[in-house]
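What follows is a short report on a single structure.
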Protein chains: 4
Amino acid sequence: MLLHLLAVGDVVAQGGLDCLHRHLRRLKKEHDVHFTVVNGENAAGLGLLPQHAEELFDAGADVITLGNHTWGKRQIADYLEDNPYILRPANFAPNLPGRGFGLYEGPQGLRLGVLNLMGRFQLDANLDSPFRRADEILAGEGAQADLLFVDFHAEATSEKGAMAWYLDGRVQAVWGTHTHVPTADAQILPQGTGFITDLGMTGPARSILGVKPENSVARFLGQLPRRYEAADGPNRLGAVLFTIDTQTKRCCQVTRTDLTD
Amino acid sequence: MLLHLLAVGDVVAQGGLDCLHRHLRRLKKEHDVHFTVVNGENAAGLGLLPQHAEELFDAGADVITLGNHTWGKRQIADYLEDNPYILRPANFAPNLPGRGFGLYEGPQGLRLGVLNLMGRFQLDANLDSPFRRADEILAGEGAQADLLFVDFHAEATSEKGAMAWYLDGRVQAVWGTHTHVPTADAQILPQGTGFITDLGMTGPARSILGVKPENSVARFLGQLPRRYEAADGPNRLGAVLFTIDTQTKRCCQVTRTDLTD
Amino acid sequence: MLLHLLAVGDVVAQGGLDCLHRHLRRLKKEHDVHFTVVNGENAAGLGLLPQHAEELFDAGADVITLGNHTWGKRQIADYLEDNPYILRPANFAPNLPGRGFGLYEGPQGLRLGVLNLMGRFQLDANLDSPFRRADEILAGEGAQADLLFVDFHAEATSEKGAMAWYLDGRVQAVWGTHTHVPTADAQILPQGTGFITDLGMTGPARSILGVKPENSVARFLGQLPRRYEAADGPNRLGAVLFTIDTQTKRCCQVTRTDLTD
Amino acid sequence: MLLHLLAVGDVVAQGGLDCLHRHLRRLKKEHDVHFTVVNGENAAGLGLLPQHAEELFDAGADVITLGNHTWGKRQIADYLEDNPYILRPANFAPNLPGRGFGLYEGPQGLRLGVLNLMGRFQLDANLDSPFRRADEILAGEGAQADLLFVDFHAEATSEKGAMAWYLDGRVQAVWGTHTHVPTADAQILPQGTGFITDLGMTGPARSILGVKPENSVARFLGQLPRRYEAADGPNRLGAVLFTIDTQTKRCCQVTRTDLTD
Ligand SMILES: [Fe+2]
Ligand SMILES: [Fe+2]
Ligand SMILES: [Fe+2]
Ligand SMILES: [Fe+2]
Ligand SMILES: [Fe+2]
Ligand SMILES: [Fe+2]
Ligand SMILES: [Fe+2]
Ligand SMILES: [Fe+2]
């Protein structure tokens, strides 16, 4: 069969959550989506609370992934322990709350593995190697998965590309998150892995990465620091559809399916 | 009239130069392009030599812009002084060779101003503010231009967005270069400036930012450093077309026009 | 005459403030100090409030300098406008509250100029060049000073050294702050400027830069982020004495005068 | 017995090598030194060749440690494999040439373990955790050592302090290298580990970290990049003496023993 996986980029603030509610069900129906992974690290701006996670699931997410803002709201820690459908980067220190890999039930009894990893370059030097951590998980829990999908939350385009090529042929899809800007480089690597550098975000369209333009500009002008403030106005949803042939275990199509309110 | 401006992303090594030669003339004809700006900072891998600049002009570039690899080949310094059709970032130190802004003749006697700027965040802290430098140039030489175009060579999506919003309504087009990954966020800002975060590169398609995949992966695995080596195989051309209404001085369309061999 | 200038490193939290109260008067008397400059950016941990500034003056500071934590407590903004004896980095954006240079009365009617600058490398790329800003101030307000002293708040030892050599012969003393670790490189440069890379801090001796050791270690182990928490126990005072010959305008001695409770 | 360990900071270029030759033997005799560890990562400017390593041993080094410039001269790789008296950071990728820990014979049959580690913060994000690597080595090969010494080659004062506190009571001495500026914070931590943040360098005294002042200044002024060039003039030797009680396995004294030509 052809499995349709939808990956949705960082949902930003209430605007992003509402946008997801308005559009995700329809988008899933339209593309006959079997499984949906949503990055939720900005649902509360910086981080997310359990209530935001619930909103993401209500809107249609099967699994939530996170990133560098995982601990922006510390109250999420217990929720990460209790709920197996939310992941934080697997290359955090070994004893941190939550998990970075999950096995989920897909269509036709397929076991779907989702892995959340985070880059280190220009982002966080105090992490374990996302490359070696990927190796460990693929050789361990990941071995039980029929298909494997990776959200690599990272800053540098080079590190993201390196991860995709490193995992080429070992997983079915690798997408990047974190920069909040959608990329136009959807591609299928030589060994069959579908890849795109960044999904982009789901949130205020008239903004700089979700933030009020004047606040972001002020920072680069060296003005007094301002509080994080989400922009208002219409929202956009950043999403990418991966079509995977479950026989050959190759990705055969990667398509942007962005929407604007 | 509707002016068609084509902006082409970082041309990487001989593969990128050849790709440009093969496709640029046709692409310009097809879209009725009036003016073409090409980023050439990687024509020699890291930097470019006068001969590479000549190849870029031969292929159809009207103006060449550069970035953080400007001085990768020091022999370019005199050429930058002598040739007004090649720009390096305008926010380099005041006494460096070359210029960062140029006024060029467009269709119907229109004076076209091209500005090359470079970001500081996670790239180079020893530069002047690209924001204040833009202000100075727009108030000075730039005031003679009928239309203004900006290549903002920068790393962070936030700094790139901030520049576009900062210049919204004061220039007709802002595009980002440097990450070598094309973005899918072509947009027209409220005051009429066309913007896209990154053009992407022009070079080896089966590569990580133009570099051989195994070399780039090795770096992130912490392996011994390797020399810069361009990948081989087919090439892709990363380009964006800005359509500008010369009456209203607003950009009315921003479209990716990427090609692959 | 020989003028004795005392420079005191970043005062950290209440422990540092109390330590300064206990020791500064005596230290000044012992070394016959004519003028005292104290870095206060950490008096409230990250930033300082007007009341902390008052405590620093009460303890014996003639002038307070700041750094990257200037705006940690936003309430300081008005105080910076009103009180000419507190400086923040002069290479902040031009319109920010406060000033970065001050002229003060010294012994025998000498006009003492104090300049606070901040480095950009690995610290804050959105600042003006501290080098060019120094040039401007020395050519402007600074020209009225008989003697000039510079607190260069910066991270990298290379940028600090570069500033000292750049200003050699144009100012009498340059000291670094920010790393919270005292350096043992007190020196007099060829043209007579006294220089030391870092004063070190004034605060908890049993700490990592003033912070509780377990909190700082946890960060590098990739543990959950913790709130800023000052360490307790005895305190140390990091200070350097510059002896300046007011005839030749050369620094003739640079000596550490650290104390521990 | 009281064991005297001498640690010498990054030897820079021929000037530093010559300085070491002139002074090290005498310094060792004067302080009755039993064991000498010298950081050699800059013996050839950026990196070192086998001949430089031989010069360092000839001058009196028992063990050479390295840092981020280890691979500056690739020809050192085989030498690192063959010679057990030269170490490179132990938290490099597992398969790289050379080793990061060695067991050496000390006075009275004492087995001395030397560990070379490298920091990640603002230096190199593609390394394994130096903290966890230290744990592994102390639990493995390191368990055979009677006394343990650590050269932590790192940029940030915070990461260096964190390592020292992390290892407090488990090793006898931790010193930092890399910033090329000697620190004045020699201390004994609560559980008996001797610590200093940076040894400083061994090389040209009239320089910025060993580099010609005008070259280093030029970089921060944003001038054209210049080749690495060692400064000339007199040299200084940056060294710290750790006195260790071999009964209690506590460090009882940490003293700077710097020299200038
Ligand atoms: Fe993120
Ligand atoms: Fe995000
Ligand atoms: Fe670039
Ligand atoms: Fe480039
Ligand atoms: Fe600071
Ligand atoms: Fe500080
Ligand atoms: Fe180093
Ligand atoms: Fe070094």
Side-chain angles (χ1 to χ4, degrees), chain A residues 41 46-48 66-81 88-100 116-130 132-133 153 155 208 211 214-229, chain C residues 41 46-48 66-81 88-100 116-130 132-133 153 155 208 211 214-229:
Chain A
E41 71 149 8
L46 308 176
L48 85 170
L66 297 169
N68 57 308
H69 292 305
T70 297
W71 313 114
K73 305 285 176 197
R74 291 285 295 274
Q75 305 95 309
I76 199 67
D78 288 346
Y79 190 86
L80 292 180
E81 284 288 319
R88 43 74 177 168
N91 55 326
F92 278 176
N95 61 341
L96 289 207
R99 70 216 81 195
N116 192 187
L117 292 166
M118 186 169 143
R120 299 191 287 187
F121 189 59
Q122 298 191 322
L123 188 50
D124 186 345
N126 294 322
L127 296 176
D128 291 347
S129 166
R132 294 231 300 277
R133 194 78 189 92
H153 194 83
E155 171 72 28
I208 299 174
V211 173
E214 57 267 37
N215 288 14
S216 183
V217 168
R219 172 185 166 208
F220 289 102
L221 295 178
Q223 299 305 318
L224 293 189
R226 306 184 183 190
R227 289 184 63 81
Y228 173 87
E229 221 177 340
Chain C
E41 71 149 9
L46 309 176
L48 86 170
L66 297 169
N68 57 309
H69 292 304
T70 297
W71 313 114
K73 304 285 177 199
R74 290 283 295 273
Q75 304 95 309
I76 199 68
D78 287 347
Y79 190 87
L80 292 180
E81 283 290 318
R88 46 71 177 170
N91 55 327
F92 279 176
N95 62 341
L96 289 206
R99 70 217 81 195
N116 191 188
L117 292 167
M118 186 169 143
R120 299 192 287 187
F121 189 59
Q122 298 190 322
L123 187 51
D124 186 346
N126 294 321
L127 296 176
D128 291 346
S129 165
R132 294 231 299 278
R133 194 78 189 94
H153 195 82
E155 171 71 27
I208 299 175
V211 173
E214 56 268 38
N215 289 13
S216 183
V217 167
R219 173 187 165 207
F220 288 102
L221 295 179
Q223 299 304 318
L224 294 188
R226 307 184 182 190
R227 289 184 64 81
Y228 174 87
E229 221 179 339

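Reminder, nothing fancy here: chain letters follow the sequence lines and each chain counts from 1. Just so you know, these numbers use all the heavy atoms, side chains as well, and skip hydrogens, waters and symmetry mates.
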Could you go through the side-chain hydrogen bond (donor to acceptor under 3.5 Å, both in side chains) check for A/H153 and A/N116 one step at a time? CA-CA 7 Å; A/H153 194 83; A/N116 192 187; 5.9 Å; no

Determine whether A/E41 and A/L48 satisfy the following criterion, side-chain contact (heavy atoms from CB on, under 4.5 Å), listing intermediate values before the conclusion. CA-CA 6 Å; A/E41 71 149 8; A/L48 85 170; over 6 Å; no

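Heavy-atom distances place the side chain of C/P97, and not its backbone, under 4.5 Å from chain A. If you measure heavy-atom distances from A/L221 to chain C, the contacts under 4.5 Å come from the backbone alone. Contacts between A/N95 and chain C at a heavy-atom distance below 4.5 Å involve the side chain alone, from C-beta outward. Proximity to chain A is absent for every atom of C/F92, based on heavy atoms less than 4.5 angstrom apart.
For the pairing with C/P89, the side-chain contact (heavy atoms from CB on, under 4.5 Å) check across C/T70, C/L117, C/L96 returns one residue only, C/T70.
In this structure a side-chain-to-backbone donor-acceptor pair under 3.5 Å is missing from A/R226 to A/R219. At distances below 3.5 Å, not a single donor-acceptor pair connects side-chain atoms of C/R133 with backbone N or O atoms of C/N91.
Options A/D128, A/N126, A/D124 differ in how many heavy-atom pairs under 4.5 Å they form with chain C, and the most are formed by A/N126.
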